[in-house]
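Structure first, then comments.
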Amino acid sequence: MKADPAVQRRLLELADVDAELARVDHRRRTLPELAEIAEAEKSVQARKDAQVANETTLGDLDREVKRQEKEIDAVRAREDRDRALMAGGTVSPKQMTDLEHELTTLQRRQTTLEDDLLELMERREAVELDGQQAAAELSKAEETLTEAANRRDQALVDLETTWARRTADRERLAPTFPAPLTELYERVRKNKGIGAALLRARRCGACRIELDRSAIARIANTAADEVVTCEECDAIMVRTPESGL
Ligand SMILES: [Zn+2]
């Protein structure tokens with residue numbers, strides 16, 4: 001295949017543009033922020049789960065407190081009834097003794113219930129504090145997530161700008177090559193990643209392999225408008241005075 005040496009050299013510009021487009025694409029998919037965001041999302045979810053568990057525990061304790069309070073009220077009501085009976089003067093001495101016994105039992109029961117209630121309230125308070133701490137941790141985790149997402153978005157905006165600029169360069173350059181040369185370039189680029197590179201100091205700029213003496217001699221004897229490709233990586237090797245021929 002033949003192509004004017006100046007056209008061949010312009011292939012290097014296209015190769016530079018394509019290399020940058022590939023870099024941008026790779027960077028877009030491997031931004032460190034993406035891993036940070038995944039980690040932060042996990043952290044937010046774990047803290048939301050912790051908050052739900054905390055609210056469930058609080059709800060259970062609230063129900064238990066209410067039940068305990070109701071039971072204490074019932075015991076007190078019974079005590080009041082017993083006291084009223086004793087004060088009414090209508091009970092027999094035997095009934096009086098029974099009522100006194102019952103009252104003692106009821107008071108003991110009330111003390112136990114009140115102690116239990118106090119313990120419940122203390123537990124509830126501790127769980128509530130845990131909940132407040134969990135809420136603070138959640139909002140901190142959400143902040144971290146938002147911050148990482150903002151950085152990702154900013155990085156993507158920058159990459160998008162470079163992408164748009166280089167795509168415009170490509171659209172300007174691509175139609176300036178003869179179709180067979182474009183075809184060869186695109187085929188090699190698709191298969192090997194790099195379509196054309198400078199032959200510099202006897203090395204293929206695409207795969208970096210150093211050409212042996214006979215290969216160099218062969219290339220040096222090839223007409224300047226002949227398109228030369230690398231035997232190792234198939235890339236079009238563009239010759240310039242830097243090629244070391
Ligand atoms: Zn090569």
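First listed ligand is number 1; within each ligand, the first listed atom is number 1.
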Test Ile72 against Glu69 for side chain to side chain contact (heavy atoms under 4.5 Å, CB included), laying out the working first.
CA-CA 5 Å; Ile72 291 171; Glu69 283 172 345; 5.5 Å; no
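- Under a 4.0 Å N-O distance rule, the pair Arg81/Glu102 qualifies as a salt bridge.
- For the residue pair Ser43 / Arg47, a side-chain donor-acceptor distance below 3.5 Å is found, with atom types taken as modelled.
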Dump the intermediate steps for side chain to side chain contact (heavy atoms under 4.5 Å, CB included) on Leu103 and Met86, then the final yes or no.
CA-CA 10 Å; Leu103 203 53; Met86 286 160 76; 4.1 Å; yes
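- Judged by distance alone, with hydrogens and angles left aside, the side-chain atoms of Thr222 form a donor-acceptor pair with the main-chain N or O of Arg218 at under 3.5 Å.
- Remark: Arg170 engages Glu186 in a salt bridge, criterion side-chain N to carboxylate O under 4.0 Å.
- Ordered by chain and number, Cys204 SG, Cys207 SG, Cys230 SG, Cys233 SG make up the set of protein N, O or S atoms under 2.8 Å of the Zn ion (ligand 1).
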